[in-house]
There are 2 protein chains.
Amino acid sequence: MDKKTKKKLEAAGWEVGDAQNFLELSDAEAAFIDMKLALAEDLRALRLERRLNQTQVARIVGSSQSRVAKMEAADPSVSIDLLIKSLLKLGAAREDVAGAVARQS
Amino acid sequence: MDKKTKKKLEAAGWEVGDAQNFLELSDAEAAFIDMKLALAEDLRALRLERRLNQTQVARIVGSSQSRVAKMEAADPSVSIDLLIKSLLKLGAAREDVAGAVARQS
DNA sequence: GGAACCTATGTCATATTCGACATATACTAG
DNA sequence: CTAGTATATGTCGAATATGACATAGGTTCC
């Protein structure tokens, strides 16, 4: 299994090691998870660009270091709402967010 | 107050008629609400394009008529996650979703 | 009139997401 | 080895979002 596929399954809340269920990812579900991964990648990229650590980002967006780590990992417990709000608070433009939404991760 | 401004405030969970707090909408908050409105508009547009009623959409996306109505109204109780999932299940492409995200509502 | 259809709004019990905290892991410098 | 710094992971109570249901409003047709 390649690295990206593994990431996607984990983002979907699956233990990788599970055998079956591969085909239960509908197109809509797959696209949704992929969007989340792209947004998470952008969040990390934006943070690094700004030379901030996760604790500083947490302060800016009103959250905690651990949640920022989970955002960047596209953890199943983080919503797209939270990712978008965080990106915007870090200064991303709507077009940037749209770029991630459209981009195949 | 124009119609769009009123809609935005309501989407943010405010009673229009409230006097103050006008300036507490940060840029990030305003952009977020606007995205939600754009997604909601697209959901309704897509439904009408497909000539479906809200009950049919509810069946397709796995929800209820009342929630679909709230989605289309960009009700404060609906998340962007739900809007995006619903759009995708109705057959929208990622680019379509990205279009709404970028579009000033 | 009222029956049939569609959409809007209010409420509720359950489910999911949240910030926070503790703790683990990893890397660097002294 | 230890201390300092950064990121990852697990858990929790509180907050928010969810589908479902009831019901209200609105339109069209007879």
Side-chain angles (χ1 to χ4, degrees), chain A residues 3 6-7 9-17 28-29 32-33 35-37 39-41 43-90, chain B residues 3 6-7 9-17 28-29 32-33 35-37 39-41 43-90:
Chain A
K3 221 170 148 187
K6 182 164 177 293
K7 250 194 153 179
L9 292 172
E10 288 171 347
W14 285 339
E15 293 299 326
V16 176
E29 286 164 343
F32 185 81
I33 291 170
M35 276 184 201
K36 207 161 134 177
L37 283 172
L39 290 164
E41 278 174 12
L43 184 65
R44 169 160 280 164
L46 189 53
R47 174 173 70 82
L48 296 176
E49 202 179 302
R50 300 251 192 288
R51 301 186 196 290
L52 301 171
N53 61 35
Q54 294 179 341
T55 303
Q56 294 173 304
V57 169
R59 242 176 245 121
I60 293 170
V61 308
S63 184
S64 59
Q65 178 270 325
S66 59
R67 189 135 298 272
V68 173
K70 281 161 191 164
M71 287 188 223
E72 292 185 356
D75 187 275
S77 81
V78 336
S79 68
I80 281 192
D81 280 73
L82 186 63
L83 284 165
I84 292 179
K85 282 179 185 166
S86 299
L87 281 164
L88 293 173
K89 284 185 185 165
L90 279 185
Chain B
K3 223 171 146 187
K6 182 163 178 296
K7 251 194 152 179
L9 291 171
E10 289 171 347
W14 285 338
E15 293 299 325
V16 175
E29 286 164 343
F32 185 81
I33 291 169
M35 277 184 200
K36 207 162 134 176
L37 283 172
L39 290 164
E41 279 174 13
L43 183 65
R44 169 161 280 162
L46 189 53
R47 173 172 70 82
L48 295 176
E49 203 179 302
R50 300 252 191 289
R51 301 186 197 291
L52 301 171
N53 62 34
Q54 294 180 340
T55 302
Q56 295 174 302
V57 169
R59 242 176 244 121
I60 293 170
V61 308
S63 184
S64 60
Q65 177 270 325
S66 60
R67 190 135 299 273
V68 173
K70 282 162 191 163
M71 287 189 223
E72 293 185 356
D75 187 275
S77 81
V78 336
S79 68
I80 281 193
D81 288 59
L82 186 63
L83 285 165
I84 292 180
K85 282 178 187 166
S86 300
L87 282 165
L88 293 173
K89 284 184 186 166
L90 278 185

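Just so we're on the same page: letters track the sequence lines, and every chain starts at 1. FYI, side chains are in, hydrogens and waters are out, and symmetry mates aren't considered; it's all heavy atoms of this structure.
The distance from the NZ atom of B:Lys89 to the CG atom of B:Leu46 is 14.0 Å, given to the nearest 0.5 Å. Taken to the nearest 0.5 Å, the CZ atom of B:Arg67 stands 12.5 Å off from the CD atom of B:Gln54. With values rounded to the nearest 0.5 angstrom, B:Leu82 atom CG is found 12.0 Å from A:Ser79 atom OG. The line from CD1 of A:Ile80 to CD1 of A:Ile33 is 10.0 Å long, rounded to the nearest 0.5 Å.
Of the charged side-chain nitrogens involved, none lies within less than 4.0 Å of a carboxylate oxygen, so that B:Glu29 and A:Lys85 do not count as a salt-bridged pair.
The phosphate of C:dC18 (OP1 or OP2) has a side-chain N or O of A:Ser79 nearer than 4.0 angstrom.
Going from atom CZ of B:Arg67 over to atom C1' of C:dT14 covers 13 Å, rounded to whole Å. For the pair A:Asp75 CG and C:dC18 C1', the interatomic distance rounds to 12 Å; values are reported in whole Å. Distance CE (A:Met71) to P (C:dA20): 11 Å, rounded to an integer number of Å. Whole-Å rounding puts the A:Asp81 CG to C:dT17 P distance at 10 Å. In this structure, NZ of B:Lys7 is placed 13 Å from C1' of C:dA8, rounded to the nearest angstrom. When the P atom of C:dT7 is taken as reference, atom CD of B:Gln54 falls 5 Å away, rounded to whole Å. The CD1 atom of B:Ile80 sits 17 Å away from the C1' atom of C:dC18 (whole-angstrom rounding). The CG atom of B:Leu52 sits 13 Å away from the C1' atom of C:dC6 (whole-angstrom rounding).
Among the protein residues, B:Ser64 comes within range of the nucleic acid bases, having at least one heavy atom under 4.0 Å from a base atom. Looking at heavy-atom distances under 4.0 Å, B:Val78 makes contact with sugar-phosphate atoms alone, never a base.
Contact record, B:Asp75 with B:Lys36: O-NZ, 3.4 Å, taken as the closest heavy-atom pair.
From the 5' end on, the contacts that DNA chain D makes with chain A at under 4.0 Å to a non-hydrogen atom open and close at D:dA6 to D:dT11.
For C:dT16, its base never sits under 3.5 Å from the side chain of B:Lys85 at any donor and acceptor pair. Under 3.5 Å, the side chain of A:Lys70 and the base of C:dG19 form no donor-acceptor pair of N or O atoms.
Using a 4.5 Å cut-off on side-chain heavy atoms (C-beta onward), B:Arg47 and B:Arg50 make no contact.
Candidate nucleotides C:dA20, C:dA8, C:dG19 were compared by shortest atom distance to the side chain of A:Ser63, and C:dG19 ranks first.
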